[in-house]
Amino acid sequence: MSSGHAGPSTPSSTPPVTPLIAERFIDIPSQRLYALSFALLIQAVKIIDFFQYLLSSEGSPTPHYGKKWLLVDLLFCVILSRLRIPRLNYANTVVVLQILSLALVDGLLFGGIRLHIFADSSSHSSRDGHVGFHSPLDILSLSSVLSFLTFGIVTSESYGGKDSHLAGQHTVRMSPISTAQLNPYSQRFCMDSSSTNVLVPVLLNNSNPISLRYTITPLGYLESSGGKIESVTLSARDLKAIENARLEQLQVAKTSKQEYFDDDVDDYDDEYAADDSHGAHPSLPRLQKTQSLVHIRVSKPGTIHLHDVNDPSGVDARISYPSEVTVAPCPSAQFVDGDALTRGDNVKCAATGLNTLDEEKDVRLTLSIYGVPPLTLKWFKEVNGRREYFVVEGIETEQLSRPDTSTPLQTSPPQEVRVPLTVSAEAFGVHTYVLESVTDALGNLETLSTRAPAKIGDLSLESNTKISRSLRVLHRPTMAFKGCGPQKPSSLRIGSNVSLVIDSQDSDDLDSPWDVKVRYQPPTDEFGKSVNKRLRPWQQTIHTQPGRRDLTVTADSPGDYTIVDIRGKYCEGDVLSPETCTVVELPKPAAEIEWKRIHECSGDTGVAVSLILHGTPPFHVYYQIQRDKEPARERVKTFHNSRGEMTLQPSQSGHYVYSFSHLSDANYNKVELQGPTIDQIVHPLASASFAGSSGRDRMVINSCSENSVEVEVNLGGLGPWNLNLQLVGPQKSETLPFSGIDTAQRKLRVAVPKDVNREGGSFEINIVSVEDSSGCKRTLSVPGVTVNVRKVKPTAKFYGKEGQRRVVTLENEQASLPTRLTGDGPWQIKYRVSEHPERILSAQLGSPNDHLRVKKKGLYEILEVSDSQCPGTVISQESTYEVDWVPRPSATISPNTVAVYEPYNGTYILPAICEGTSGHVDFDLTGRPPFQIMYNIARSSDSGGTRLLDQPTFNSIQPRTRFQLHTSEPGRIYYEVKQVGDSAYPLSKHKGVVIPRSDRPLLEQEVLMRPSARFTSFNRLSYCLHESFVPQDKGSGDGVVVLQGTPPFQLTISVQNLASSERFTETVTVQDTTWRLDLPGYDFKSVGQHQVSIETVRDASHCEQKLPDPRERSIWVDVAESAAIVPFDRREHLCVGEVAQFQLEGIPPWTIGYRVNGKAYTQEAKQSPFAFAQQQPGEFKITSIAQQQKMCKSVVTDLSYTVHPLPSAQVGHGNRIFQDIHEGDQAEIKFTLIGEPPFTFTYQRSELNTRKGGKPGKVLETHTVSAVTTTEYSIFSALEGVWTVTFISDRYCRYPPTQPDRVLDQKS
C-alpha cells in the first residue's frame, strides 16, 4: 500500500501501516474525510481571525493570533502523523516541512514576518562602486527567524519599527470619558404580527459594559390604570448572546434576500442595511474606533428608558439625550369582508341608452385600521391603468380618552378604527382600489401594497385581497347587420345560401359570449300573403364564438331577417339600425333566339342569328358547330348588352349542324339553354389570294435575268377553279387566264413583259376574279405582287494597282483591305487566305467602298459575291490582297564573345571571374531602335535550385549593345533574355509577349569568392609578462580567426608592442576555415598593450583578398605584472556595516582572497577602487589578490581589522507597551542600552497613531542623553504619546551608522 504521493515509497516486503483507529470502528475513507474536513475547518477559522486582526486598531490590545495558530497547526500535524491514516501518513521530513510551511503562512498573516521590497535609511547594503561579501546572516539572523516563526515563544518579539537595534516603544494614553446613547440613529421601532421581538441599538463610546439597566413603561400608562413599569438588567453575557442571535438572523436574511452591499461600509452598517426588522435605517454612518454597538431585545410594546451602563473601571457611562424610545405595535389597514365586491357583485353594466351608470355607480366599502392614533392612510384608485392617490389623516376613534393634561403626555394605546369608504365607478373599464401604506402617531410607516394590483379583467374572488378591491364597469353590447339593410338587400342564388354578418359596435370582451335572437319572415305580396308557401317564419338564438365580436347567419331562403334581442354574460344589449336584412332571390338567365339563312349564288353560305338575353350582363352564349361526320366543336360568344347578333358562315363547304347549349351571366354559370338546332348544307363563295401576303401590304419578288417568274396562289370554295391575273407594266397591262386549277394551292408561271425584260424594271401581278365549279364568278380585290427585274449583276474587287495591293501591320493588329462593290447592298462576299486555302470565310459589307477587316497575315482572295437581290461576279485580276507583319526584334550573343556553347541545354558558359570584378557581354540586336531588353539574373541555391536575384531592363539605341555581369556575390550566376522590344513592339504595350524558352539566349558564369579573414570577437586577451603567445583557454571564443574562401589559406599576422613600437610578423598556412592565435615563437617582453593584426590572406583561387572592416582585423592583448591591493586608510577597528576601501593595481578583473573569523572566502572585483561592507563582528583579513581571471596572484600579509558589533537600545525591553493613565498620573519609560559604555542615545515622543499600519504620528519632542555608563535608564512623564529611541552610540560604534563617502573612479 502506498503511503501517499508526498511520502517516501516503501518496499513491497514492508508490511502495510495500520491506522491508529481500527477499521472496525471507522473505515479508512471516513477517517480521511474527517481529517480533511477538520483541516478545512481550521483554515476557515484562521481566515476569520485574520480579518479580525486586520480590523483591530494599532493601539488596542489584540489576541496573540500568531502564537495560537502556530500551536494549533503544530498539534494538528503531529496528531495527523500519529493517526497513521493511509494516504495521509507522511514521512517525518515531510511533516517537518508541513509545520514550517504553516508557520511561515501564520507569520505572514499575523505580523510575525514582514516583507520589505526597498531598504530604509538605516539599511547598510552595498553602495555603487562597492562590492562587499554577504553571508546568510545578513538577511535573517537565527534569532529573528525563530522569533518570527514562534511569535515570541522562543525569543521575544521586538517592536518599535523595522530595526532590531532600536526596538520597542512605550505608548501613554489618557483614558477618555465613557458615554452611552439609546437609539443613536433616531430609528422608529414597531412590532408586527410575524415578529416576537425588536432589537433597539445602544451606541457605546470608550466603554466595555459589564451590565446595562433599562425600564419598560406600557403604552398609555397612568398611575391610576394599574399598569406596572418593568425594570430589566442585562449582563455582558446577555448582551453577547443578543448580538450572536442578531448576527445569525442577519445571515439568514442575507441568504434569503440575496442582497449585496458595497465593500466600503462598516460591519454594523452592513448589518443594518440588510436588517428586515421594522424601523431599520437604510444607511448608517461608520463607527469610530472607540465606538461599539450593543442591542436591547424588546418583546412587548412600551416606552424604553435607558438608566445606567456600568464599565469594568467602576465608572458609569454618561447617558446621552434622548434616553428613551417607544416601541408600539406596527400599524395595519385592510378591507372588511362582506361588502358587495367580495360577494361576487363586482361587475356593473351601463344603463339602457346611456353611456354611464345609473344610481348604482356608488360602491360602499369598509376599512379596518389599527395602530397608535391618530393614523394616516395612503391609498390609490387605478382606472384602466391610470392611478390617482389619496391621503386620509387624523384617523382615530371618537371615544378615545386623552390623558390628563396635568400629567406628562404619554403615548396612547393602539386602537382599531373602522372607516367607511364610498367610491364612484363613473368610467368604463377596470376600477382597482389598493391600500398602499399606513402611518401611526409615532411615525411608524407600514407599506401594505408590495406587489402590483390584479391584472385588468381579473375579476375572480382571489383578486379581492385584504388590501385591494376590483370592480369592472361594462358597456351595453350593441349589434346590427353589416353590409345589408332594407335599402341594400343581399342577393341569393337559387339552390345556394348567403352569409349575413351581424357585427358588434360597442362591447367588452369580458361580457362575451353573446346570445343574439334572430327572427325570419318569408316574402309576401301586396296583400300580405306568403309568396312561397313552402317557406315558414322562424325565430332562433345564435351564440358568438369565443374571442369574436361578430357572428354569421346562413340564409338559404329569401325574406327578411331581423335582430330581436341581445344578451351578454353580464349585460343586456341594444339593437342598432339596420336591424333587418332583406334577402332577394336572383332569377336564372334566359334567351330568345331567332335565325335566318344566308344565300349566295353558290347556295347557302351560313346563318344570321339574333338574340334577346334576360339576366345580369355580361352574357356568355355557348354553341356547337358540327361539319359532316366530324366531332362537334364548342364555341362561346360574349355579349355586354341584352341584345346581340352573330353570323355563322363557315369557310369550307359541307353539311353543318348549329346548336345553342348553355347561357351564363354575372350570377349563374352555364345554365342549360333550350335553343334551336339549325341544319344546313353550306357552299362557300370562291376566293383567291397570293401565298405569303398578309394584310394590305403587297409582296415583293426579285428576278435576276429570268424571262418568267413563279407566284403561288391559295384558292377557296368548291373546285376546280378558273383564275384571271392582271399584269400591270410601266406602259401597258394585260390579263392572263388560268383554268382547270384543281388544287387549293398552285404555283403559276408568269412571263415577264417584254419591255421590262429588255430594259429591267418592275411590274405588278394582281388577281382580278375567280370562278368555282358551280360557275359562280366572283370579282376580288386582294393585295397583289410587285416583281423587280434586274438585268445587271453585282461585282466585287480589291482596290489598288497591281503591285500596290499590300499592307504591313504589327503582329495581330487589324488591317482594313479596301474593296469596290457594285449592285444593291448589303453584299455578302466569300474569301480565303493562302495559308489555309481549304477554309472559306464570309463577311457582310454595307457600302460600295467598304473595307474587309482581317487580323492574320497572308494573301487574301475574293471567291464569290452577292448583293441583296442577285449573285454577282468577282473581277479575277483584282481579287487578291497581301497582308504582312512587321518582324519582332531579336537578340543574339555577339560572335566575338569568349564563351563555350553547351548544346545539351543551349547555354553559353562564360569564363570564371573573381567576386567584384567588372565583366560584360555583347549582344547583336535586330529591329527598329531604340531597343528595350528585359532579362533574368538568377543564382544557384544551396538546395540545388536557383533563386531569382533581379529582372532588370536596359535600353539601347545601337544594334550592338553591352550589359554588365552580376559579380557582387559569389556563386553560379545564370542570365536569360526574356523579352526584347523596339519602337514597333515596345515592352510597355507587349508585356505578355515573351520569347519562347527554346529561343531565349542563355548564359552561365561562376563568380569566385574573394578570400577574407576576421576575428570572431573583440574581447581583450590577457597575458603575464614573459609568457609565450599560445592559446590559454581552448574552449573560449577569444582570439579565433574566421577565414572565407577556398582552402588552403596563407595568413600573415603581425604583433605590435605599443610601448616600444616593435613589430613581429609571421605567415602561417591554414587548412581549415577557422584558426586560433598560436605564435609560440613570440614572447611578451614588456608590460602594456599589444595589438595583433591580420595583414594579408590568400586562398587557392588566387583572387585578391576582400578588405574587411578595420575593427574586425585586430584585437588587443594586455600584458601585466603581479596584482596589488592598497588600503585607503590604516584603521584597526571597524563597525558592522562600515565600509573598508582599497585601491587595486593591475588589470581587471581581480580575484581577492580574505578570511572572516578564520573562514576563507574569495570575491571578484571588476573596477578600482573596491570596498568591503562589514556584515558581522570578528576578525577580517585580506590574504591574496590575483588579476585577469585569477592570473598573476600575489600574497597579502599585512591587512587585518577588528570588526565590532553595532550598539542597540530598547524601550520597554524591546516590547510594545501600552499604558493608560488618568490626569495627574505619571508613567515610567525604561531604556535598555546594549554595547560597550559610555553610551549616548536620543529618544523622542510622537503623537498617537489611531490606524493600524498607518504612518507614524507627528514628532512632538526630541532629547539626547550623553555619558551614560549603565545599561538601564528611566524617565517619568505625564504626557500622552509614543516614546521611541532614534539613535545610540557606544565606545566604538554608533547606530544608525554614518553613510560612507562614495568612492569615485580615479583616472590617471
Side-chain angles (χ1 to χ4, degrees), residues 119-127 130 132-135 137-144 147 155-170 1127-1141 1156-1157 1171-1181 1200-1217 1228-1246 1259 1261-1275 1282-1301:
D120 56 6
S121 61
S122 62
S123 64
H124 42 275
S125 60
S126 301
R127 289 347 186 238
H130 301 177
F133 65 92
H134 299 279
S135 66
L137 299 178
D138 183 34
I139 302 173
L140 285 176
S141 64
L142 179 60
S143 61
S144 63
S147 176
T155 59
S156 61
E157 185 178 3
S158 61
Y159 297 93
K162 308 171 184 178
D163 201 335
S164 61
H165 294 279
L166 303 175
Q169 69 179 27
H170 195 126
F1128 272 52
D1129 52 26
R1130 288 293 179 178
R1131 292 191 300 168
E1132 296 181 358
H1133 298 277
L1134 295 175
C1135 297
V1136 173
E1138 288 189 343
V1139 177
Q1141 301 186 16
V1156 178
N1157 296 328
F1172 275 104
Q1174 307 301 326
Q1175 300 294 331
Q1176 55 181 317
E1179 182 184 10
F1180 174 76
K1181 185 176 181 180
S1200 63
Y1201 300 92
T1202 301
V1203 182
H1204 299 276
L1206 296 176
S1208 302
Q1210 298 177 352
V1211 181
H1213 298 285
N1215 298 320
R1216 179 176 296 177
I1217 299 176
E1228 181 182 5
I1229 296 94
K1230 292 184 179 181
F1231 299 94
T1232 303
L1233 309 177
I1234 303 173
E1236 297 185 16
F1239 298 99
T1240 299
F1241 70 95
T1242 301
Y1243 65 90
Q1244 67 182 16
R1245 181 176 66 90
S1246 58
V1259 177
E1261 57 177 320
T1262 303
H1263 299 279
T1264 301
V1265 183
S1266 303
V1268 179
T1269 58
T1270 61
T1271 57
E1272 296 286 342
Y1273 188 84
S1274 299
I1275 62 173
V1282 180
W1283 304 82
T1284 56
V1285 180
T1286 60
F1287 172 77
I1288 177 69
S1289 67
D1290 63 354
R1291 182 177 181 182
Y1292 295 104
C1293 304
R1294 54 178 290 170
Y1295 190 84
T1298 57
Q1299 300 293 334
D1301 297 335

| said: For Ala1140, is there any backbone N or O sitting under 3.5 Å from a side-chain donor or acceptor partner on Asp1129? | reply: no
| Mind checking whether Glu1261 and Tyr1243 have side chains closer than 4.5 Å, heavy atoms only? | no
| task | To the nearest 0.5 Å, tell me how far Thr1284 OG1 sits from His170 NE2. | result | 12.5 Å
| query | Minimum heavy-atom separation for His1213 to Thr1232, with atom names? | reply | ND1-OG1, 3.5 Å
| query | Which heavy-atom pair separates Ala1267 from Thr1240 by the least distance, and what is that distance? | reply | N-OG1, 3.9 Å
| remark: Here the gap from Gln169 atom CD to Ile1217 atom CD1, rounded to the nearest 0.5 Å, amounts to 9.5 Å
| field | Side-chain heavy atoms of Ile1229 within contact of Val1211, under 4.5 Å | value | yes
| query | For Arg1291, does the CZ atom have more than 12 heavy-atom neighbours from other residues, nucleotides or ligands under 6.0 Å away? | reply | no
| query | Rounded to the nearest 0.5 Å, what separation is found between the CG atom of Leu1134 and the CZ atom of Phe1172? | reply | 12.0 Å
| message | Rounded at 0.5 Å granularity, tell me how far SG in Cys1135 sits from CG in Asp1290. | response | 7.0 Å
| remark: In this structure, OG1 of Thr1271 is separated from CZ of Phe1231 (nearest 0.5 Å) by 14.0 Å
| Considering all heavy atoms of both residues, which atom of Gln1210 and which atom of Ile1234 are nearest to each other, and what is their separation? | NE2-CD1, 4.0 Å
| request: Mark yes when over 12 heavy atoms from residues, nucleotides or ligands other than Glu1272 sit less than 6.0 Å from its CD; otherwise mark no. | output: yes
| query | So, for Leu1233 and Thr1270, which heavy atoms are closest and what is the spacing to 0.1 Å? | reply | CD1-O, 3.9 Å
| If you take all heavy atoms of Leu1206 and His165, which pair is closest and at what distance? | CB-CE1, 3.7 Å
| query | Does the side chain of Ile1288 reach to within under 4.5 Å of the side chain of Ser1208, using non-hydrogen atoms? | reply | no
| message | Quick check for you: to the nearest 0.5 Å, what is the distance between Phe1241 atom CZ and Thr1286 atom OG1? | response | 10.0 Å
| request: Locate the shortest heavy-atom distance separating Ser1289 from Pro1207; write the atom from each residue and the value. | output: CA-CG, 4.1 Å
| query | Do Tyr1273 and Phe1239 have ring centres separated by under 6.0 Å? | reply | no
| Could you walk me through whether Gln1176 and Asn1157 pass the side chain to side chain contact (heavy atoms under 4.5 Å, CB included) check? | CA-CA 9 Å; Gln1176 55 181 317; Asn1157 296 328; 4.2 Å; yes
